[in-house]
J.: 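One structure, pasted below without further comment.
In this chain, numbering begins with 1 at the start of the sequence shown.
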Amino acid sequence: MSLFISRDWWSVNCGSDEHFSANSLEIANIDNNPDGSDKMITGSLEGILRIYTTCSSSDEISSLKPSQANDLLLEVDLKLPILQISCGHLLTDSKSLHLAVLHPRKFSVYSISTTHGVADHGSAYNILLLYEHSLPKSSYNFVLGPFGQIKDRDFICIQSLDGTLFFYEQESFAFSRQLPEVLLPGPLIYLATNDSFVLSSSSWCIESYRYQVLAIARSEPNQSGPLGRKLSGMDMVDSGLGELATSIIASPSYSSTSPSSTTTIGDTRRKSIDELSTDGQQSGGRKLTSDWSLSIGEPCLDLRTHSLDRRTSLIITLGERNLFLIGENGSLLWMKKLNFTPLCMHTYPSDAGEGLMILLASEMRTLLIFNEHRLLWSSRMPFTAIAVARARFHNVKGALVYLSSDGTLSAAYLGTNPSINIVPIKSSETDLIDYDEAEKELSELRRIISSYNTDGNPLDASEVGNSHSQDGSLITIQVSNPILSMVRDRGMSITEPREDVEDFLPLVDFTISLSTHSNTLTNVRLCVQGDCPFVFEPSLILFSSLTANDGDSVNPNNIATIVATLSSPLIPASLKADVVVTYFSEKNVPKVIRDTFHLPLSLVCRTVQATRDLPLRLTFDLLAKSGSPNPLDLRQILLDLTNSESMASSGTGGEGSMNIESDYVSIGFYAESSVNVSIYVHGKQSSSQQIRIQSNSLHGLSFIIVELLNRLAFFKYSIEHGKMDRKQVPIKEYLALVDQRFATRIKLLETSARLGQLSGYYRAIQKRLLVKFRDRNSSSLSNMDILIEDIHSKILKCTNELVLLQKDFERLSNALSSATSLFHRILEISVDLPKDSVNRIHCLWSATVSPDLEEGWEERTEVSFMSLFSESGGPGTGLINSQLEIPSDTNHLKVLINALIDRVFTERTLREPASSVAGTSSFGGNVALRGKKSFSMGSSAEMIQEEEEECPEKECEKNE
């Protein structure tokens, strides 16, 4: 916000309910007054042309004199929208200024004259139409100048909406040229020093075209439509108008329309579309090319030019975020980044000869004055201006003229009187800073940041909140014990008799209570989020206000009841869910608190009958801490699953209660009934216990083990490190899961591309059928109805296949995420790695696998592993996929995963040991050498098979 405001000493409202654009303002001595005073000319989009003047003298500036009725010199309704106005020498053998007005399909030139002493109040102003040009295309803007470097005359260049330039030598039409590759028109200026046109293209480039090149360039092949539109033969065929256009062109009543003001009708000749294209290609001249082009990387809002030394010109370009100064040869002289959004610009040479002055108006009603790229002054404007100009009124030199979009016209000067509407600063904010208190707060923040970087885990929300809770606005989140119930699946009523448990899905009710020490917190929002397929109802709860609790009792208004269930038959990656609370403190400061809780296992699993022949198994040795229960009781560890047995037994005849014991449990999943997991506890009477988990699915095994390890840690049990064997690690199943997910991803991309292709065919046939139906003369459909039905059936089949693939892809993503979390825990348990190495594995080998098709988990993991091996040495060094392109297969990634697991199990570190040089490692140098050779020769699949057949433990013994 600027301290100073501009002093508007004259202002007027141009009509009512009218609209104006950036080209609706022009400052010139349009009546050719001998004193040289400027007039303000405005033209609205409603077609009203007005000319104003100010009668103020130098002694009247100090008084904010409003405009008077006689300040309006001329007002005329031109009956057409006014797109742009400008002044120039537009009449032959006349050195007077004339007014040029651009309409959508017409260009007019007027003469403004003065008749002295006719009216009672003084002189009367008249407007006279000198000549006009009818335009064959809708116009956008125009520029005047001495094209061809003539003297004392201005020619006209009009740009249409499709990028065609029409050149007029005052009263007569010269030629027209179509600019190449134009999507949208842009600003247009003329450089008199090198006789060229500079414009902004739709590709965000500034381009220059020589006038001589435009004059001798050949015309593009085109045809004239019945309304003057240029149509190519392909456009006519694609739009279904080929036969109609051919008949119109061949008819004797058709004639071409010249783009000049005088319409001439030539001899009519019958031509086909191909003949017209051939005639156009035979025209002489060379291809239209730009003199230079400069990419600015953003849309151009305005272009201005000035010649400081009469030899070279400077091009001032205003972008949406930057200001550029470009030389006439296309060189970028300087660029200034703008920290505001500009709306319009005005430039002029400095009166003191100090370079170029630039005026910029922002959307925040601020006028900024630059001396080239140096900011000199900033002032507040009375309104948001869309056009700014500089004028000379009588003895007032350098007055600023503003125009708003609703027609407010104001003349002002830069004043130094500060604004009296400054918001006062609160006295509490003006107090001196307590440096001791600030130092304590800074130390606390450093401690939090240091603990975060050291531990690698985010701090608890309550701990972070306590460091900033001097205002007493801390919110505490408590999640109550959930209550499990069963609901009928597929929209059936829960009151119907329960015959089979397969027809039921679980539903969990739990409450979240919020407590605060503050008096009142406003606009409190509570949101619960979880991984797929968990859904929560309601997902967002609003509290208008949150008050403090009375003693130990919880305020009932601060309690929210949430219902959680499964949205689709998928096994989730984990049971984690987040509670996010946003609120405004007493000082109206927005704050966010996030807390994590675990959903009950009974929401996903249930006990089932024991199943034999479960191929996947993992065994862990338990270590009990002091104060922990001994021996291990699975019924206490899986308490939520035990409590749900009563609900399950009531629906299944009591069979479920027999499937859980203190040392054995068999678990199944609601989503996939074929997946079973069994948990055994051995050595219950001895001091050392073992726990074995078996399953027929890697996803089920990973999900149960990760959840079981979290619960064992909660009950003060830990896993003995260093007892895990490399043979137990299910690396084959994990790599097969990576291949399966990647193949599904590729199939999804191919199916999506095929669906897009079929949709394109379907739209094309629809257009052809529409042309057939609109034809007055009925004709055969040419079996297109059969073709569109066939394509429609293929689209339905492809869509159903895409839906199934998407569900399968989400299931595999959850499985891969859960399996990756399992491998994190295995590497942490099997090897006593340092904490920084464990954190690094979690960062490089991400367990967050989202169903993303474009930028997938495979690319990111491969780049992370390559960066690790490039630092410490390993297979595939130097082949990093920096562009994150979709790989052709996963062989490269699988070799890297194998190498990482082998390194951790054999060397018990992430880094290459110092003894290994030249790509040879003590944990299997042959494997490392084969890895490097495989990436250079493209035989990584054979290397994976060889690694799986060998035993890393035997290699370790040989090396020792």
J.: Is Ile562 close to Glu537 at the side-chain level, that is, under 4.5 Å between some pair of heavy atoms?
T.: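 A side-chain contact is absent here, since even the closest heavy-atom pair is not under 4.5 Å.
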
J.: Please verify the inter-ring angle class for Phe703 with His699; under 30° counts as parallel, over 60° as perpendicular, anything in between as tilted.
T.: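 If you compare the ring of Phe703 with that of His699, the planes turn out perpendicular.
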
J.: For the side chain of Ser695 and the backbone of Asn676, is there at least one donor-acceptor N/O pair under 3.5 Å apart?
T.: yes

J.: Would you compute the distance between atom CD1 of Ile705 and atom CD1 of Ile829 and round it to the nearest 0.5 angstrom?
T.: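 Ile705 atom CD1 to Ile829 atom CD1 measures 8.5 Å (nearest 0.5 Å).
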
J.: So, for Leu570 and Lys807, which heavy atoms are closest and what is the spacing to 0.1 Å?
T.: CD2-O, 4.1 Å

J.: Any non-hydrogen side-chain atom of Val665 less than 4.5 Å from a side-chain atom of Thr607?
T.: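 They are in side-chain contact.
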
J.: Do Ile901 and Phe823 come within less than 4.5 Å of each other through their side chains, counting heavy atoms only?
T.: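 When only atoms from C-beta onward are counted, Phe823 and Ile901 do touch, with a gap below 4.5 Å.
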
J.: Counting distance only, does the side-chain N/O of Ser666 pair as donor-acceptor with the main-chain N or O of Gln609 below 3.5 Å?
T.: yes

J.: Between Asp808 and Leu804, is there a donor-acceptor pair closer than 3.5 Å when you use the side chain of the first and the backbone of the second?
T.: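 Pair absent, no side-chain N/O of Asp808 close to backbone of Leu804.
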
J.: Any side-chain donor paired with an acceptor under 3.5 Å for Asp578 and Gln529?
T.: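 There is no such pair (donor and acceptor under 3.5 Å, judged by atom type) between the side chains of Asp578 and Gln529.
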
J.: Hey, are Arg840 and Glu828 close enough for a salt bridge, meaning a charged N less than 4.0 Å from a carboxylate O?
T.: no

J.: Using atom types as modelled and distance alone, determine if a side-chain donor or acceptor of Ser846 lies under 3.5 Å from a backbone N or O of His842.
T.: no

J.: Quick check against the 3.5 Å criterion: does Ser752 have a side-chain atom that pairs as donor or acceptor with the backbone of Leu748?
T.: yes

J.: Check whether any side-chain heavy atom of Arg606 sits under 4.5 Å from a side-chain heavy atom of Ile667, and report yes or no.
T.: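 The answer is no; the side chains never approach within 4.5 Å.
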
J.: Measuring only between side-chain heavy atoms, which start at C-beta, is Val508 closer than 4.5 Å to Val563?
T.: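 In short, these two side chains do not touch, never coming nearer than 4.5 Å.
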
J.: Is a donor on one side and an acceptor on the other found under 3.5 Å between the side chain of Ser678 and the backbone of Gln694?
T.: no

J.: Carefully, step by step, assess Tyr734 and Trp845 under the rule ring pair (Phe, Tyr, Trp, His ring centres under 6.0 Å).
T.: CA-CA 13 Å; Tyr734 182 81; Trp845 196 359; 5.7 Å; yes

J.: How about Phe534 and Pro572: do any of their side-chain heavy atoms sit closer than 4.5 Å?
T.: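 Result yes, sub-4.5 Å side-chain heavy-atom pair found.
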
J.: Is a salt bridge present between Glu750 and Arg754, judged by a nitrogen-to-oxygen distance below 4.0 Å?
T.: no

J.: Okay, side chain of Ser817, backbone of Ser813: is any donor-acceptor separation there less than 3.5 Å?
T.: no

J.: Okay, side chain of Asn814, backbone of Asp531: is any donor-acceptor separation there less than 3.5 Å?
T.: no

J.: Might you point out which heavy atoms bring Ser702 and Leu698 nearest each other, and give the distance in Å?
T.: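 Shortest heavy-atom separation between Ser702 and Leu698 comes out as OG-O, 2.7 Å.
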
J.: Any side-chain donor paired with an acceptor under 3.5 Å for Asn710 and Arg825?
T.: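 Short answer, yes.
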
J.: Is there a side-chain contact between Arg692 and Ile679 (heavy atoms, below 4.5 Å)?
T.: no

J.: Looking only at atom types and distance, does a side-chain atom of Arg741 sit under 3.5 Å from a main-chain N or O of Leu812, one as donor and one as acceptor?
T.: no

J.: Hey, are the side chains of Gln690 and Phe620 touching, using non-hydrogen atoms and a 4.5 Å cut-off?
T.: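 No, every pair of side-chain atoms sits at 4.5 Å or beyond.
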
